[in-house]
Chemist: 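This is the structure I want to talk about, given as structure tokens.
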Amino acid sequence: MTERPDTPRLTDRAEAARQERLARETEALRANLRRRKQQSRARTAPAPDAPTPGSSDTSRNEA
């Protein structure tokens, strides 16, 4: 397939800037995904002092 003659070509400098921008964007998206996954895990994780469902907590029944 041949290139269209009216397709704009980027200079080497512009192409390098484009590649750097894409790399920064990729890293930002990955960091955002890691942050969202961490937040999701924190929301679904039980609180450290909360009893787990089905556990036998007899201290409340002894009163």
Chemist: Considering residues at least two apart in sequence or located in another chain, which fulfil the side-chain contact (heavy atoms from CB on, under 4.5 Å) criterion with Leu10?
Modeler: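 So Leu10 forms a side-chain contact (heavy atoms from CB on, under 4.5 Å) with Ala14, Glu15, Arg18.
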Chemist: Side-chain donor-acceptor pairs under 3.5 Å in residues 33-47, sequence neighbours left out?
Modeler:
| from | atom 1 | to | atom 2 | distance (Å) |
| --- | --- | --- | --- | --- |
| Arg34 | NH2 | Glu27 | OE2 | 3.2 |
| Arg35 | NH2 | Asn32 | OD1 | 3.3 |
| Thr44 | OG1 | Ser40 | O | 3.3 |
| Thr44 | OG1 | Arg41 | O | 3.2 |

Chemist: List in chain and number order the residues that pass side-chain contact (heavy atoms from CB on, under 4.5 Å) with Ala16, two or more places apart in sequence or in another chain; answer none if no residue qualifies.
Modeler: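 For Ala16 there are no side-chain contact (heavy atoms from CB on, under 4.5 Å) partners, ignoring immediate neighbours.
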